[in-house]
Participant: 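Sharing a structure here in structure tokens format.
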Amino acid sequence: MQEKYPLSRKMKKIIALANMFTERDVDKLTPELINNLNKKTIPSSRLVRRLFNKPAPHISKTTYVIPVTEGAITGHFFSSSDDLARTSLKPLIIYMHGGGWVLGNMDLYGIYCAHIASVTNASVLLLDYRLAPQYKFPTAIEDCYDAYLWALQGIKYWKVDPDSIYFMGDSAGGALAAGLSILARDRKVQLPIGQILIYPVTDGRLRTESFQNYADSPTLTDRMMKFYISCYQREPKDILSPLFSPLLATDLSRLPNTLIIGAEFDPLKDDGKLFANALNEAGSEANYIEIEGTVHGFINYPKAVGAEETDCMIRQFTSGRPVSKIQPLTEAELKREGKIKMQEATQKYHSKATKDEE
């Protein structure tokens, strides 16, 4: 691994294991191989447990067939198995997976979405939207839009709060989540209360400084990104659409509060930074937080650098903390900080009370 990527030994091991489940040589990705990768079952083995940890406990999955324009997609709904006994409503995260609009293994993303449901106590709807190269732009974003309309009708059956919906996506899924918010706003449909974008693609032109600096990164290369975009676009001008490249939207106002999490050694990190800046300049509120010492794709691996902090940030956000107050801490660090603040507040109170008595 190149010296310009000073990764920890643990991260190098995780990347080596993770690359056994991915195909970096995109020249070999025929439609048949893409289909096989997307349908491949993640085996239950010691190696897999080392990489993904054990399945999230007490999380059940329900599969739905969702009607979309000229077809149907599958939605996988993850929730706590004790939800039937609940009387209170919980948040709903609508998740759009990454994979360059081309790849999308539901076994892999099912593990992650069950994990997110567990750590946030939210329900998660994972959308298995139709993929390129068979289905090109704007099929994926329109599938997500149709699925969102369908979900709005089903909320009353899921014991989720209709006023606490979040869009979430990683990489190309981050582009879909951001594009879906723009689409919902422009079509005057209920907006989510927030969106969570993990190392999103926001500019399909691939011209940023980080794209040049990290073109040969260990988990995502410039060649891979160019391949994905060529598969998804119908014609070159598609990348100029805000539904493809949200950063290029002429109007980014009136969009949900946005948490953007990036990785230090990622060709897409500037996509996240620039999008956060553009949202803030347009009057929407965004917070970009970068995890040091990690790479594109790290969220899928619970032991990766930054995974625990990212889980905590997502929980903070979906629990109602203002996006500007989100901190890149672990749960233990957040709890410790809360105790310190409580002690400081108590000391301040007693100090004021003593002065008042004097």
Side-chain angles (χ1 to χ4, degrees), residues 14-45 47-48 51-52 61 63-76 95-114 126-144 146-147 169-176 179 199-201 204 206 215-236 238-239 243-244 267-268 295-297 299-301:
I14 288 171
I15 291 168
L17 289 172
N19 283 339
M20 296 175 64
F21 294 92
T22 59
E23 179 56 69
R24 287 171 55 82
D25 191 352
V26 292
D27 294 334
K28 295 180 179 179
L29 286 179
T30 64
E32 182 180 6
L33 182 54
I34 289 169
N35 186 58
N36 290 339
L37 287 170
N38 288 336
K39 293 186 179 302
K40 185 177 181 179
T41 300
I42 304 297
S44 177
S45 66
L47 178 65
V48 170
L51 192 59
F52 300 115
K61 182 179 83 168
T63 300
Y64 295 98
V65 176
I66 303 174
V68 297
T69 303
E70 297 181 353
I73 65 171
T74 304
H76 303 282
Y95 195 94
M96 285 139 272
H97 66 80
W101 309 279
V102 173
L103 301 172
N105 185 289
M106 289 298 101
D107 262 17
L108 174 63
Y109 275 99
I111 292 171
Y112 180 66
C113 286
L126 167 62
L127 302 181
D128 189 9
Y129 54 85
R130 290 175 289 182
L131 295 167
Q134 183 177 0
Y135 297 99
K136 294 183 178 290
F137 177 80
T139 300
I141 186 70
E142 292 290 354
D143 280 356
C144 293
D146 289 342
D170 66 292
S171 196
L176 291 172
Y199 35 74
V201 186
L206 308 177
D216 60 347
S217 72
T219 54
L220 181 68
T221 65
D222 57 347
R223 195 159 55 93
M224 294 167 73
M225 278 304 307
K226 289 172 182 176
F227 171 79
Y228 295 143
I229 285 175
S230 69
C231 285
Y232 186 44
Q233 66 182 18
R234 290 182 188 273
E235 50 187 332
D238 286 343
I239 64 173
L243 303 183
F244 196 123
L268 297 179
V295 294
H296 190 89
I299 62 163
N300 292 103
Y301 313 111

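For the single chain, residues carry numbers from 1 onward in sequence order.
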Participant: So, the side chain of Asn300 versus the backbone of Ile111: is there a donor-acceptor pair under 3.5 Å, distance only?
Facilitator: no
Participant: What is the distance from atom CD1 of Ile42 to atom CG of Leu108, rounded to the nearest 0.5 Å?
Facilitator: 5.5 Å
Participant: Could you go through residues 226-235 and list every donor-acceptor pair under 3.5 Å that involves a side-chain atom there, pairing it with any protein atom two or more places apart or in another chain?
Facilitator:
from   : atom 1 : to     : atom 2 : distance (Å)
Ser230 : OG     : Lys226 : O      : 3.3
Ser230 : OG     : Phe227 : O      : 2.7
Arg234 : NE     : Phe137 : O      : 2.6

Participant: List the atom of Met106, the atom of Leu126, and the distance in Å for their closest heavy-atom pair.
Facilitator: SD-CD2, 3.7 Å
Participant: Enter the distance from Leu29:CG to Leu103:CG here, rounded to the nearest 0.5 Å.
Facilitator: 6.0 Å
Participant: Verify, without hydrogens or angle tests, whether Tyr95 (side chain) and Gly173 (backbone) share a donor-acceptor contact under 3.5 angstrom.
Facilitator: no
Participant: Can you name the closest pair of heavy atoms from Leu33 and Lys28 and give their distance?
Facilitator: CD2-O, 3.1 Å
Participant: Looking at every heavy atom in both Leu220 and Pro267, which two are closest together, and how far apart are they?
Facilitator: O-CG, 3.6 Å
Participant: Could you tell me the separation between the CG atom of Asp170 and the CG atom of Leu268, rounded to the nearest 0.5 Å?
Facilitator: 11.0 Å
Participant: So, for Val295 and Ile15, which heavy atoms are closest and what is the spacing to 0.1 Å?
Facilitator: CG2-CD1, 3.9 Å
Participant: Looking at Leu243 and Gly179, what are the two nearest heavy atoms and their distance?
Facilitator: CD2-O, 3.6 Å
Participant: For the pair His296 and Tyr199, name the ring-plane relationship: parallel under 30°, tilted 30 to 60°, perpendicular over 60°.
Facilitator: tilted
Participant: Residues two or more places apart in sequence or in another chain: which of them pass side-chain hydrogen bond (donor to acceptor under 3.5 Å, both in side chains) with Thr69?
Facilitator: Asp146
Participant: Which pair of non-hydrogen atoms, one from Ile66 and one from Ala147, has the smallest distance, and what is that distance?
Facilitator: CG2-CA, 3.8 Å
Participant: Can you run down the salt bridge (charged side-chain N to carboxylate O under 4.0 Å, His left out) pairs that involve residues 127-137, sequence neighbours left out, and say none if there aren't any?
Facilitator: Arg130-Asp143
